[in-house]
Structure formats: C-alpha cells, structure tokens
Amino acid sequence: MFSHEKYKHLYIPAALVTILLIICAFRAPQLFTSVGLAGAILVSAPLILASIAITPIAMAGRGGVDLSIGPAIGFVNVTIVTFLVGLELQSPLAVFSYAIVVGCIWQLLLAAMIVFLRVSPILVSLSGFLILQGVNLTILPRPGGFAPDWLSDWGYGTELNSPVLYVLLSAFLLWYLFCCTPLYESMRLLGSDERTAYTSGVKINLVRFSAHIVAGIYTGLAAVCLTGLIGSGDPSQGNTYTLQAITALVLGGTSLAGGNGGALGSILGALAMFLIFVVLSSFNFGAISGFMTELTYGLILVFSLLLTIFTGRIVWEKNS
C-alpha cells in the first residue's frame with residue numbers, strides 16, 4: 001500500500017528533477033538523444049553510487065555522514081591503476097572484488113573507531129578524509145596510469161546499453177533486497193531512537209557495522225565507475241564527490257539526524273546535481289564556470305539543510 005508519510009521526503013527532489021529536465025529540454029536538448037543519455041549515465045554513475053554509499057551511515061544515526069567517501073573512492077581508483085595493473089590482475093572479477101573488499105575494509109575501520117572508541121562519526125570521517133587524501137597523493141602524485149582495457153572502454157559512453165547501466169541496475173537491486181531484510185528496519189529504528197532500538201533488542205553494534213559494510217560495497221562500485229569514466233588514476237578526482245554526495249543526500253530527504261530517508265531520495269538528489277551541472281554548462285560563464293558550479297552546489301546544500309530543519313520543526317509542532 002502506498003504510504004504518503006513514507007515517501008513525502010521524495011516530493012522536493014522529484015519536483016526539482018522534473019523542473020531541471022524541463023529546463024534541459026530547452027537549454028541542452030542533446031541530453032535526450034541516445035548518445036546524450038549514454039553519456040549522462042556514465043558521468044552521473046559515480047555520484048549516484050557515492051550518494052547511496054553514505055545513505056545507510058546517515059540513516060543509522062549519531063549524526064554520521066561519511067566525509068571520507070571522496071578520498072576513499074580515489075584510493076580505490078589509484079590503487080587499481082597502480083597496484084592491480086602492476087600485478088596484471090586486470091580481469092573484471094579481480095577489479096570488482098578488489099574494489100568492494102577495499103571499500104568494505106575502509107568502512108569497517110571507520111565503524112570500529114566509532115563503535116569501540118566512541119569517537120564522533122564526523123571526526124572519524126574527517127580524519128579519514130585527510131589521511132586518504134595524503135595517501136592518494138603519495139601513491140600517485142599526479143594523474144596518470146592506465147585502467148584495464150575493458151574498463152577504459154567504458155569511458156567512450158556512446159552506447160546506452162552499457163556496462164555502467166548494468167552496474168547501476170545491479171546496485172539498485174541490491175539496495176531493494178537490503179530494504180527487504182529485518183536489518184534495514186533495525187537500522188531505521190536505530191537512527192530514529194538509539195535507546196528505543198536498544199530496549200527493543202536491536203543489536204546496535206551489529207547494525208552499525210552492517211550499515212558501513214553496505215556503504216563499502218557502494219564505495220567500491222563508485223570507484224570502478226570513476227576509473228572507467230576517466231580511464232586512468234587521479235589522486236584528487238574523487239575528493240570532489242564528498243561535497244556533491246552529501247548535497248545529494250540532504251537534497252534527497254535523508255535526515256542527518258538519522259532514521260529517515262533512503263537510497264531513492266539520494267538517487268534523485270544525485271540526478272538533480274548532475275542536471276544542475278548540465279544546465280550551468282549551457283551558459284557561458286567563461287573562466288569562472290567551475291566556481292559557479294561549486295557555488296551553486298554549496299548554496300543548494302545550505303538551502304537543503306535549512307529546508308530540512310524547517311520541515312522537521314513543522315512536523316514536531318504538528319505532533320506536539
């Protein structure tokens with residue numbers, strides 16, 4: 001049965017995506033061609049997957065939002081083109097397995113510090129951001145290297161029926177299956193009220209670790225798609241996804257306080273971010289085009305946070 005309350009957080013991102021699509025129809029009609037859609041899938045895939053990756057961590061509560069998601073994606077990217085390619089482990093099975101395992105290990109390290117050392121999630125992920133940023137530059141001081149041949153072919157982005165599309169569809173299916181498990185409901189309860197979750201018998205530590213494992217899987221998938229997009233290694237390219245993914249997360253209606261939200265909202269938020277980039281690209285801002293994009297993302301993040309606070313206050317007053 002359709003639940004109005006369950007999906008009301010999707011109204012704003014869905015409306016924004018609709019408006020942006022209408023604007024793109026006039027400003028960038030090439031987006032709606034076969035080649036344009038293929039390119040859109042290729043370019044937006046890493047952001048979509050990165051946004052999904054930080055969703056379960058935010059939903060699990062404690063004000064957790066993974067600031068290290070960008071450098072983590074970058075770490076997997078640079079090690080694929082240096083470590084894996086150097087060892088001639090270039091098969092799809094090896095690359096995907098490596099990316100997912102490394103993503104999960106990193107997220108488990110973050111979860112261990114949060115759960116056992118009881119360090120604030122923001123401080124843990126911020127430290128992770130700074131550490132991985134330096135590690136990435138140490139491994140690969142400047143953009144370079146080559147992705148495996150089969151992965152480099154993804155970067156052409158001319159076919160709508162592409163491997164990137166199948167990666168996204170598999171990622172969506174995986175999230176759907178995760179939502180059908182009791183673990184997902186426990187995670188929502190944990191994010192809404194940790195004390196209630198504990199008294200209800202929810203194994204809090206297990207749920208929190210599980211949320212980070214899910215995040216690790218999507219971190220690895222995002223890194224593979226980024227490697228296919230650029231066809232090489234880049235120690236700083238992944239860093240840009242941190243702000244964008246958090247903006248997409250908040251724009252998609254996921255509460256940073258935990259409990260509310262979901263991957264569908266994050267996907268819509270990521271699509272809105274991509275469409276904003278397309279719209280801005282249709283204008284001639286000259287040398288400041290990059291600054292205009294970052295400025296817009298920042299303003300959207302601030303607006304989304306204010307809107308979240310405002311709507312949350314309305315709900316609280318209605319229920320009180």
Fill in: Donor-acceptor pair, side chain of Tyr241 and main chain of Gly74, under 3.5 angstrom
no

Worksheet item: What is the ring orientation for Phe178 with Tyr184, classed by angle as parallel under 30°, tilted 30 to 60°, or perpendicular over 60°?
Response: perpendicular

Worksheet entry | Ring centres under 6.0 angstrom apart (Phe209, Phe116) | yes

Fill in: Criterion side chain to side chain donor-acceptor pair (under 3.5 Å) on Ser232 and Asp234, from CA distance to verdict
CA-CA 7 Å; Ser232 62; Asp234 191 328; over 6 Å; no

Fill in: Side chains of His212 and Asp66 in contact at under 4.5 Å (non-hydrogen atoms)
no

Discussion item. Under a 3.5 Å distance rule, please check whether Ser266 uses its side chain to pair with a backbone N or O of Ile52 as donor and acceptor.
Written reply: no

Discussion item. Do Leu243 and Leu132 sit in one hydrophobic cluster, given that two such residues count as connected whenever their side-chain heavy atoms are within less than 4.5 Å of each other, even indirectly?
Written reply: yes

Worksheet entry | Validation row: Thr79, Val102 side chains within 4.5 angstrom (heavy atoms) | no

Worksheet item: Is any side-chain heavy atom of Tyr218 less than 4.5 Å from a side-chain heavy atom of Leu174?
Response: yes

Discussion item. A side-chain contact here means heavy atoms from C-beta on lying under 4.5 Å apart; do Leu190 and Met187 qualify?
Written reply: no

Worksheet entry | Ring center gap for Phe172 and Trp175 short of 6.0 angstrom | no

Worksheet, complete the sentence: Residues at least two apart in sequence or cross-chain that pass ring-ring contact (aromatic ring centres under 6.0 Å, His included) with Phe129, listed by chain then number, are none

Discussion item. Tell me every residue that passes side chain to side chain contact (heavy atoms under 4.5 Å, CB included) with Pro148, counting only those two or more places apart in sequence or in another chain.
Written reply: Ile80, Val85, Gln90, Val95, Trp150, Leu151

Practice prompt. Determine yes or no for a side-chain-to-main-chain donor-acceptor pair under 3.5 angstrom, with Thr242 supplying the side chain and Gly70 the backbone.
Written response: yes

Worksheet item: Just by modelled atom types, is the Leu177 backbone N or O under 3.5 Å from a matching donor or acceptor in the Thr181 side chain?
Response: no

Discussion item. Regarding Ser68 and Trp106, do their side chains bring together a donor and an acceptor under 3.5 Å, going by distance alone?
Written reply: yes

